[in-house]
Peer 1: 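Just passing along the structure, written as structure tokens.
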Amino acid sequence: MSKLVVISNRTADPDESRSGGLAVALWSTLKQSGGTWIGWDGRVCSHDNPEMTCRRAEGVDFFTTELTGQEYKNFYIGYANSVLWPIFHNRTDLAEHDPEFKLSYERTIRRVASSCFMRISAGDVVWVHDYQMITCGTELRKKGIKNSIGFFLHIPFPPPELIRCIPDHAWLITSLLSYDLVGFQTEKDFQNFQKYILNYTDAELIGEKTFFFKGRKIRAGVFPIGIDTGEILQALESERSRELNERFRRERTGELIVGVDRLDYSKGLPQRIHSIREFFARCPDKKKAVSLLQIAAPSREKVTAYEKLSEEMNYLSGKINGDLGDMHWSPVSYVHRNVERDDLPVIYRNSRVGLVTPLCDGMNLVAKEYVASQDPDDPGVLILSEFAGAAHQLADALLVNPFDAGATARAIEKALNMPLEERKSRHTSLMRSILDHDVHWWCGEFLNSLKEQEIWMVA
Ligand code: ADQ
């Protein structure tokens with residue numbers, strides 16, 4: 001029987017609450033469809049021959065590998081997160097170019113692809129995910145895999161001028177043409193991809209979002225990722241949530257603004273603290289009546305830029321509290337850790353404003369989770385960066401430019417003063433979009449498009 005084989009850098013750990021949009025979305029998907037999930041287990045081994053280990057949980061076969069110390073340093077910290085992530089997020093200034101990084105990326109993916117090869121049977125549908133795995137399709141094809149292989153990019157695809165900053169960019173991006181279907185979060189990402197392909201490769205455009213390259217047809221498509229709304233409603237009804245909700249009601253005074261992110265420079269966290277400071281300068285009467293709860297999950301702590309961001313956030317949150325707070329009130333509660341996933345919906349529901357202000361983001365699931373967690377009879381207001389992919393779908397949020405602290409401060413003021421009727425009508429419209437395009441819709445759309453794509457070879 002044919003199965004779905006998912007390949008991504010990290011797999012989810014079914015026993016652990018993990019932050020990270022890809023793991024959250026794929027776990028929801030695979031729990032429903034069943035299949036195989038291949039990826040890194042998050043550990044680094046002390047020898048040079050890591051093996052795949054197998055485990056079955058909730059109908060999913062997990063095949064995971066450790067990374068060697070060199071792979072961790074040069075593939076994961078190096079090429080994936082010190083070259084590709086910053087450049088794809090418009091931060092060429094943070095990119096570090098060491099030739100060893102690229103070699104390690106190539107070697108690591110070749111090793112992972114060899115392990116995958118043994119687990120793929122005829123008829124299986126293979127779905128590769130994200131920037132850490134771009135060249136996996138090429139490696140699988142080299143091994144003779146003829147199955148349908150799809151690729152989904154969770155992060156933005158930047159304009160060609162940025163891609164060109166990557167040494168040997170043609171090698172990297174041409175690898176995307178070894179897939180049968182390449183999926184993006186937004187139309188803008190697709191347009192950037194198309195511009196690159198038509199200007200820097202020999203591929204031809206032969207139809208709408210369809211390219212021809214070396215005897216094969218490659219389709220591209222836009223598949224904005226969604227959330228599992230059922231999981232959120234279920235979490236809200238649990239005993240644990242009821243207790244947490246009770247605690248919120250007992251202990252919190254005043255209105256809460258919430259931010260939930262991985263601690264990543266793409267998420268605009270320092271700018272968010274500046275906008276909160278600006279808000280209190282603009283609305284001094286709101287002091288003691290409003291505060292920001294910023295939950296920031298530790299992420300990629302071995303990458304220098306993330307270490308610096310962590311220090312900056314410690315400084316900024318301490319400084320605003322020192323400058324504006326008093327013995328009974330702090331403008332910002334900064335929580336630098338993962339929180340239990342099931343607790344997030346209650347935290348969102350108890351927050352009058354969801355402040356989601358990334359500087360650059362493929363989609364942003366927190367924006368959707370915040371809306372889906374609200375009480376429809378008394379919903380909170382979403383403030384959303386116009387630079388998040390989610391802004392293309394959630395036009396009824398208060399859209400802001402996160403670089404403009406004054407504009408964000410004005411949006412916070414507007415959100416806190418918004419009449420109930422307007423909150424309800426915005427919430428209804430946002431919910432409609434979130435329900436119509438949830439994670440199961442996303443997965444179904446992508447896999448149906450992949451299955452429809454007959455593998456078209458020129459004799
Ligand atoms: P991320 O950059 O990780 O995802 P996002 O889409 O917001 O960003 O997903 C983060 C997920 O982790 C959310 O489900 C959130 O609830 C959870 N999370 C965040 N902080 C947490 C914390 N402190 N404790 C517990 N859970 C936490 C990447 C891309 C995004 C894209 C997703 C999915 O960068 O643009 O939306 O993949 O494609």
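When a ligand or atom number is given, it counts from 1 through the structure's own listing order.
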Peer 1: Under the 6.0 Å and 45° cation-pi test, does R119 pair with F63?
Peer 2: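 Yes, cation above the ring, under 6.0 Å and within 45°.
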
Peer 1: Has Y348 got any heavy atom lying under 4.0 angstrom from an atom of ligand 1?
Peer 2: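 Under 4.0 Å: yes for Y348.
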
Peer 1: Can you find an N or O of W85 that's nearer than 3.5 Å to an N or O of ligand 1?
Peer 2: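 No; the residue has no nitrogen or oxygen that sits under 3.5 Å from a nitrogen or oxygen of the ligand.
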
Peer 1: Return the orientation label for the Y79 and Y105 ring planes: parallel under 30°, perpendicular over 60°, tilted otherwise.
Peer 2: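 Rings of Y79 and Y105: tilted, as their planes differ by 30° to 60°.
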
Peer 1: Heavy-atom contacts under 4.0 Å between E340 and ligand 1: side chain, backbone, both, or neither?
Peer 2: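 Contact part for E340 vs ligand 1: neither.
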
Peer 1: Give the numbers and elements of all ligand 1 atoms closer than 4.0 Å to a heavy atom of A297.
Peer 2: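 Answer for ligand 1: 20 (N), 21 (C), 22 (C), 23 (N).
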
Peer 1: Do W329 and F280 have ring centres separated by under 6.0 Å?
Peer 2: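 Yes, they do, as the ring centres are separated by less than 6.0 Å.
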
Peer 1: Tell me if the aromatic rings of W27 and F62 count as close, with their centers under 6.0 Å from one another.
Peer 2: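 Under 6.0 Å, so yes.
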
Peer 1: Classify the ring geometry of F193 against F157: parallel below 30°, tilted from 30° to 60°, perpendicular beyond 60°.
Peer 2: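 Perpendicular: the ring planes of F193 and F157 meet at over 60°.
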
Peer 1: Would I155 count as being in polar contact with ligand 1, using the rule that some N or O on each side must be under 3.5 angstrom apart?
Peer 2: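 No; every N/O pair is 3.5 Å or more apart.
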
Peer 1: Show me which atoms of ligand 1 lie under 4.0 Å from any heavy atom of V260.
Peer 2: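 Near V260, meaning under 4.0 Å from one of its heavy atoms, ligand 1 has 19 (C), 20 (N), 21 (C).
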
Peer 1: Is Q185 in contact with ligand 1, taking contact as a heavy-atom separation below 4.0 Å?
Peer 2: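 Within the 4.0 Å threshold, so yes.
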
Peer 1: Going by heavy atoms in the side chains, are I109 and F75 under 4.5 Å from each other?
Peer 2: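 When only atoms from C-beta onward are counted, F75 and I109 do touch, with a gap below 4.5 Å.
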
Peer 1: According to the interplanar angle, ranging from 0 to 90°, do the rings of Y179 and F151 count as parallel (below 30°), tilted (30 to 60°) or perpendicular (above 60°)?
Peer 2: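 Ring orientation of Y179 relative to F151: tilted.
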
Peer 1: For the pair T186 and D189, evaluate side chain to side chain donor-acceptor pair (under 3.5 Å) and give the outcome as yes or no after the intermediate values.
Peer 2: CA-CA 5 Å; T186 68; D189 298 318; 2.8 Å; yes

Peer 1: N/O of I295 under 3.5 Å from N/O of ligand 1, yes or no?
Peer 2: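 Such a contact does not occur with ligand 1.
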
Peer 1: Could you say whether the N/O atoms of I225 and ligand 1 ever approach to under 3.5 Å?
Peer 2: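 No; every N/O pair is 3.5 Å or more apart.
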
Peer 1: Any heavy atom of F223 closer to ligand 1 than 4.0 angstrom?
Peer 2: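 The answer is no, since F223 has no heavy atom less than 4.0 Å from ligand 1.
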
Peer 1: Which ligand 1 atoms does G362 reach within 4.0 Å, using its non-hydrogen atoms?
Peer 2: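 The list of qualifying atoms is 35 (O).
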
Peer 1: Just going by heavy-atom distances, which of H129, K267, M363, H154 is nearest to atom 1 (P) of ligand 1?
Peer 2: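 Selected option, by shortest heavy-atom distance: K267.
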
Peer 1: Just to be sure I read this right, does ligand 1 sit under 4.0 Å from the backbone of I227, its side chain, both, or neither, counting only heavy atoms?
Peer 2: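 Within the 4.0 Å criterion, I227 makes no contact with ligand 1.
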
Peer 1: Is the distance between the ring centroids of Y265 and Y306 under 6.0 Å?
Peer 2: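 That pair passes the under 6.0 Å test.
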
